[in-house]
Amino acid sequence: MTEVAENLEPAREVIVRYNNVKKAFGINIVLNDLNLDVYKGEKVALIGPSGSGKTTIIRMLMTLEQPSSGTIEIDGEHLWHKEVNGQLKDADEKHLRKVRGKIGMVFQQYNLFPHMSIMRNCTEAPIHVLGLSKDEAKERALQMLQKVGLSDKVDMYPSQLSGGQQQRVAIARSLVMQPKVMLFDEVTAALDPELVGEVLEVIKDIASEGETTMMLITHEMDFARDVADRVLFLDNGLIAEHGTPYDVIENPQSDRLKSFLGRFNSAH
Amino acid sequence: MTWDWAFAFEIFPRILQGVGVTIGATFSAFAISLTLGLVLTLLRRLSFKPLSLTVAGIIEFIRVTPPLVQLFFVYFAFDMGPFLTGAIVLGVHYSTYVSEVYRSGINSVPKSQWEASRALNFSPVQTWRKVVLPQAIPPIIPMLGNYLIILFKETPLLMGIYVTEMMMIARSIGAETYRFLEPITIVGFIFLVLSYPCALFIRYLERRSGQIPGSAEKGVKA
Ligand SMILES: Nc1ncnc2c1ncn2[C@@H]1O[C@H](COP(=O)(O)OP(=O)(O)OP(=O)(O)O)[C@@H](O)[C@H]1O
Ligand SMILES: [Mg+2]
């Protein structure tokens with residue numbers, strides 16, 4: 001699958017690299033030999049049927065799931081391994097903490113901390129993980145909450161907000177940490193249809209600012225078309241088709257992808 | 001044997017003098033069980049199997065032997081004095097139950113909260129302190145309160161090792177005067193007066209704990 005990389009301009013800088021990554025849960029092989037390069041600033045959309053391994057791909061990058069074999073690199077460093085005298089050893093918690101700071105993730109179910117106010121949700125990690133002062137953290141949090149349109153909700157608790165608002169807080173909470181790579185796992189899938197738009201708008205805004213690399217799993221094809229530089233179609237643990245949104249969404253080649261996309265068109 | 005009010009009033013102050021020791025022993029033992037219980041819970045969660053299995057074994061052993069036997073054993077094996085022995089033995093004994101309560105509280109925190117903590121790069125210690133325990137403990141406060149009351153009611157056991165709590169005093173009075181009805185009844189009465197309000201308070205906490213954190217003071221959804 002290295003051709004995924006070769007199709008793009010060679011001059012661009014790789015920020016995430018999956019090398020022969022396999023992942024199995026027990027006897028269930030979910031990903032078989034994944035090779036994928038993601039470039040700095042690139043927005044990559046992952047689409048595909050349920051169970052095809054999309055979530056597993058980004059959870060391995062967030063260090064929530066360990067690959068069964070193969071390596072993942074982030075910003076030139078091994079994620080799950082440590083180089084000791086030229087040999088690869090399993091990474092320890094210290095190494096994981098160092099590299100994990102480059103990655104942020106927004107979850108389908110928001111996963112806000114219910115016992116903390118919106119402000120504390122956004123300041124706890126910058127204070128205790130990044131070592132920012134309280135004032136610096138608050139200022140940065142307020143800036144990001146403004147960006148997602150929720151700066152008036154700082155003193156509320158997650159349970160007092162709508163799903164769409166909670167998800168926007170979760171995006172702000174992740175942005176405050178200034179990750180180099182942001183992961184989005186079907187972040188609108190748990191929302192009432194009328195709330196989907198506000199969250200997608202926020203993501204589009206952040207995407208348009210440019211420098212943050214994004215990997216987005218989505219079932220919103222219009223959104224993928226608008227935001228992504230590249231779309232990957234996952235099927236049975238393989239990247240079955242990939243290319244620009246135009247290539248993949250408008251001009252699907254395989255029958256599998258055609259029938260997958262057909263499900264969305266008929267729904268409109 | 002008929003009830004003698006004059007005698008009852010005469011001995012009441014003497015028995016009341018034991019209340020301080022009873023309450024002191026209860027809270028000392030409870031403080032030990034809260035602290036040690038948490039340590040046991042955390043040790044049992046370690047992925048290093050030899051240690052977590054050893055801890056599980058010790059917990060099981062403490063639980064299946066009677067506290068009275070443990071009291072005597074520690075009292076005669078270590079020279080710590082009756083009060084300290086009592087507080088430590090009851091504290092350690094109840095820490096095994098309290099540890100179970102912590103465990104249920106920790107298990108009730110969804111996996112997604114751990115994952116969010118990791119995505120924000122919290123250290124394991126920060127995850128416990130900032131995210132998991134603050135959500136695990138409020139719902140178990142009523143259960144912990146119940147153990148406090150049970151522990152309180154167990155303190156008469158301490159007379160076995162000559163701690164001068166209320167029951168010990170009542171028994172001495174009985175031995176001196178050959179009247180047991182009044183002293184024992186008074187002890188029962190004092191226990192009732194002290195534990196009933198606590199039980200009511202715990203029931204109140206139980207009713208409140210159904211509510212979602214954070215929403216308690218702020219009312220309904222915006
Ligand atoms: N923790 C786990 N334990 C066991 N099996 C798992 C686990 N996580 C995922 N799987 C399995 O891995 C496969 C791929 O799951 P994954 O969540 O990556 O798919 P997905 O493409 O994100 O699907 P969906 O669109 O439904 O979210 C599925 O067969 C799933 O059952
Ligand atoms: Mg998924």
Side-chain angles (χ1 to χ4, degrees), chain A residues 55 58-59 61-65 93-94 96-118 120-130 150 152-153 155-163 165-166 170 173-179 182-183 185 190, chain B residues 38 42-43 45-49 51-52 102 104-144 205-222:
Chain A
T55 296
I58 67 170
R59 280 173 62 85
L61 192 55
M62 192 66 259
T63 69
L64 296 172
E65 215 75 74
E93 177 61 27
K94 194 174 151 224
L96 284 174
R97 267 203 101 191
K98 193 178 103 203
V99 283
R100 188 155 55 207
K102 298 177 178 180
I103 309 156
M105 179 160 177
V106 182
F107 299 85
Q108 189 171 325
Q109 298 291 345
Y110 341 130
N111 299 5
L112 294 177
F113 303 127
H115 58 298
M116 295 182 194
S117 68
I118 299 310
R120 270 196 69 211
N121 260 280
C122 297
T123 53
E124 216 56 8
I127 292 171
H128 299 287
V129 177
L130 303 181
L150 289 172
D152 56 332
K153 300 275 192 276
D155 292 325
M156 295 214 170
Y157 282 80
S159 62
Q160 296 170 285
L161 301 186
S162 72
Q165 291 171 327
Q166 289 188 58
R173 180 176 74 172
S174 184
L175 283 173
V176 171
M177 299 300 282
Q178 303 184 331
M182 275 187 84
L183 310 174
D185 189 357
Chain B
L38 185 59
L42 298 180
L43 286 176
R45 292 181 61 96
L46 288 179
S47 46
F48 183 60
K49 282 282 168 248
L51 189 54
S52 55
Y102 279 125
S104 73
I106 289 164
N107 287 346
S108 73
V109 177
K111 198 166 144 252
S112 57
Q113 291 287 305
W114 294 85
E115 296 189 342
S117 309
R118 185 170 294 185
L120 291 169
N121 213 4
F122 282 125
S123 71
V125 173
Q126 288 168 338
T127 303
W128 278 104
R129 281 193 40 219
K130 309 261 167 219
V131 179
V132 177
L133 291 180
Q135 293 183 69
I137 291 182
I140 61 169
I141 286 174
M143 271 190 279
L144 294 175
L205 288 181
E206 265 166 2
R207 254 180 288 127
R208 263 187 40 148
S209 73
Q211 296 174 8
I212 305 153
S215 66
E217 62 268 47
K218 300 277 167 115
V220 285
K221 264 192 164 190

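Values in this document were obtained by computation on a predicted structure and should not be read as measured data. Convention: sequence-line order gives letters A, B, ...; per-chain numbering from 1.
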(request) Go through the atoms of Leu112(A) and report whether side chain, backbone, both or neither lie under 4.5 Å from a heavy atom of chain B. (result) backbone
(request) Considering non-hydrogen atoms only, spot the tightest contact between Ala116(B) and Phe107(A) and give its length. (result) CA-CE1, 3.9 Å
(request) Could you look at Gln109(A) and say if it's the side chain, the backbone, both or neither that has a heavy atom under 4.5 Å from chain B? (result) neither
(request) Tell me, out of Met116(A), Glu93(A), Met177(A), Arg173(A), who's got the most heavy-atom pairs with chain B below 4.5 Å. (result) Arg173(A)
(request) Return the minimal non-hydrogen interatomic distance between Val129(A) and Leu120(B), and the atom names on each side. (result) CG2-O, 3.7 Å
(request) Start with the C-alpha distance between Phe113(A) and Lys130(B), add both sets of side-chain angles, then the distance that settles side chain to side chain contact (heavy atoms under 4.5 Å, CB included), and finish with yes or no. (result) CA-CA 9 Å; Phe113(A) 303 127; Lys130(B) 309 261 167 219; over 6 Å; no
(request) Counting only heavy atoms closer than 4.5 Å, note whether Thr63(A) contacts chain B via side chain, backbone, both or neither. (result) both
(request) Output the distance between atom CZ (Phe122(B)) and atom CZ (Arg97(A)), rounded to the nearest 0.5 Å. (result) 9.0 Å
(message) So for Ile103(A), is it side chain, backbone, both, or neither that comes closer than 4.5 Å to the heavy atoms of chain B?
(response) backbone
(request) Considering non-hydrogen atoms only, spot the tightest contact between Val131(B) and His115(A) and give its length. (result) O-CE1, 3.7 Å
(message) I need the Ser123(B) OG to Lys94(A) NZ distance, nearest 0.5 Å.
(response) 14.0 Å
(message) Sort by residue number and list every residue of residues 106-114 of chain B having at least one heavy atom under 4.5 Å from chain A.
(response) Lys111(B), Ser112(B), Gln113(B)
(request) Identify which one of Met62(A), Met105(A), Arg59(A) satisfies the side chain to side chain contact (heavy atoms under 4.5 Å, CB included) criterion when paired with Glu115(B). (result) Arg59(A)
(message) Please identify, among Leu130(A), Val106(A), Asn111(A), the residue contributing the most non-hydrogen atom pairs under 4.5 Å to chain B.
(response) Asn111(A)
